[in-house]
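Heads up, the thing below is written out as structure tokens.
Quick caveat: nothing in here was measured; it's all calculated off a predicted structure. In the text below, chain A, chain B and the rest are named by the order of the sequence lines, each starting its count at 1.
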Amino acid sequence: MLQDIFDIIIKHKDGFLKGLLVTFEICLIVWIIGLLLGTAIGYFISKNKVINRTVRVLSFVLSGIPVLVFLFWLHYPAQSFLDISVNPFYTAVFMLSLLNIIAVSEIVSNGVKNLPNQFLEVAKVCGINRKTTFFKIQLPLIARHIVPSLLTAQVNSLHLSLFASLISVEEIFRVSQRIISIEYKPVEIYTALGIFFLIVSLPVNGFAIYLKQKFGRRLDEK
Amino acid sequence: MIRANNIYKQIGNATILKNISLEINKGEVSVLFGPSGSGKTSLCRNLALLDYPDKGEINILGNAYSFPANGKFKNLPYPKIGFVYQQLFLWPHLTNKQNILLALGKNAESRQEQFEELVELLEIKEIIERYPNEVSIGQKQRVAIARALILNPDFIFLDEITSALDIVQTKKIISLVETLRNKGVGVLIVTHNLEMFRKVADDMIFLNKGEVMEKGNDIFQNPKSKELKNFLG
């Protein structure tokens, strides 16, 4: 079977490569938007109870809707209702970014809220100014606590990018489906796809576990 | 001097501190004791302005702070007051040395001599480059004290810091407290370990249900209130 997988990859290498590039392009944009906006929103909502509650309700509602359905709504009925036509690539990026922003903001907001206030109070008593407190104490402590979860959320975004195929985005899953319709070898092709996701996900997940073990212990030590 | 005048603190329906007036002087050791839940830590935090009383006035080194407070105070007394917590709260991502020196910022180099003196005095040389989670609780406590002392405070508050220490380590802390007193630092100790600390106390404050029941350096020998008699057994 390995030989078959290898043969198919070689035969359709251009298609696979194109699909891979689209997948990476989606992910890169979704990761950057999600991490930047999600971090800013997460930090802001941790300080504001009203916005915090609003985002939590939004997150709760959205998490109850399957991604597939949400994407379908955005691509067909929403665009028809608004009488617009958006490139499916951007629709997918918009939806996945929105989900990533929500995930990241929740992680960041929890990280800020879970940091024992006394770490900052000690800084105040020591006469340390706000800037130093933020950069030398608050930020590193929060980062160590949330980076593993952020990495896991980004891997999740990569997996969710498969759903873009539903609205005809030519990403790796869509390309694979097309190759299956030519070669009639779904097991081999889906296995190749699985291996690809493993190769990308495993190091990131492994790194997340490493960070959790290394720094989780230090932050727990109060 | 730190002087509290008629301070009150309420949390929900419970009155935590009732009409408390007291003084803590530089170069003296004051020991604050009382049953669990009597408001010792609350009083300590209020005196250090980490929490604000609902009513009353606190005067710290000539600055008066009246309550209820209108907004935030601009001239808070830090780092003239040092505070060492029961749970210590050393910054876990920094080494013990970085924990001690962070507050000095760019002045850290010029204060190297004082840093080394403190390290010697507190016997933390061996562990100075390690992280807090890599050392014992007694060593952590000494690092936390060093972090407060490097800033040359006029007063230092020690909140139950010997609760997890054995006799030998507690004796070391008592010896340090005496050294601080001799240097003119005012020390307020919150403790359950009365036997050990009463020997160094210049003043003892017995707190019960948020009220100062008795105060003075002879209250141990001549308890007047029923509450203190019961507490001492």
Side-chain angles (χ1 to χ4, degrees), chain A residues 35 39 42-43 46-49 107-152 207-222, chain B residues 41 44-45 47-51 60 72-73 75-96 98-108 130-137 140 143-159:
Chain A
L35 287 172
T39 301
Y43 188 78
S46 69
K47 309 277 176 198
N48 187 313
K49 279 184 184 171
I107 292 167
V108 172
S109 158
N110 286 335
V112 174
K113 278 188 286 183
N114 290 338
L115 180 71
N117 191 46
Q118 287 87 340
F119 283 129
L120 308 181
E121 200 176 80
V122 173
K124 184 170 124 182
V125 175
C126 288
I128 298 173
N129 64 36
R130 279 186 181 186
K131 189 179 158 196
T132 308
T133 301
F134 180 74
F135 285 108
K136 296 272 175 80
I137 297 167
Q138 201 174 9
L139 197 62
L141 283 177
I142 293 170
R144 279 156 194 254
H145 190 52
I146 67 173
V147 164
S149 306
L150 287 179
L151 289 176
T152 309
F207 189 53
I209 291 168
Y210 166 76
L211 289 177
K212 215 174 229 175
Q213 283 175 343
K214 186 172 166 66
F215 296 129
R217 186 166 44 93
R218 284 199 183 145
L219 187 57
D220 288 346
E221 192 254 359
K222 290 169 188 170
Chain B
T41 296
C44 220
R45 288 181 60 83
L47 288 175
L49 299 183
L50 291 173
D51 290 330
I60 300 174
K72 288 181 180 176
F73 294 111
N75 55 341
L76 287 170
Y78 314 123
K80 289 286 173 195
I81 291 181
F83 200 103
V84 182
Y85 296 75
Q86 185 176 9
Q87 298 98 327
L88 305 173
F89 293 106
L90 291 172
W91 299 303
H93 61 300
L94 301 178
T95 63
N96 294 321
Q98 289 167 331
N99 261 280
I100 298 168
L101 293 178
L102 182 67
L104 294 179
K106 288 173 187 166
N107 297 326
R130 293 195 208 154
Y131 286 92
N133 70 315
E134 294 169 342
V135 304
S136 73
I137 179 79
K140 268 191 256 189
V143 172
I145 293 171
R147 178 172 65 178
L149 292 183
I150 194 87
L151 298 163
N152 297 325
D154 290 323
F155 291 93
I156 185 161
F157 291 14
L158 308 174
D159 184 10

Using non-hydrogen atoms only, which part of B:Leu104 is less than 4.5 Å away from chain A: side chain, backbone, both, or neither?
neither

Shortest non-hydrogen pair, B:Tyr78 vs A:Val125, comes out as CB-O, 3.3 Å

When rounded to the nearest 0.5 angstrom, what distance separates NZ in B:Lys80 from CD1 in B:Ile60?
13.0 Å

Donor-acceptor pair, side chain of B:His93 and main chain of A:Lys136, under 3.5 angstrom
yes

Is chain A contacted by the side chain of B:Phe83, its backbone, both, or neither, given a heavy-atom distance below 4.5 Å?
both

Which atoms of A:Ile128 come close to chain B, meaning under 4.5 Å heavy atom to heavy atom: side chain ones, backbone ones, both, or neither?
side chain

Rounded to the nearest 0.5 Å, how far does CG of A:Leu139 lie from CZ of A:Phe134?
4.5 Å

Who among B:Leu49, B:Leu151, B:Leu50 has the most heavy-atom pairs with chain A under 4.5 Å?
B:Leu50

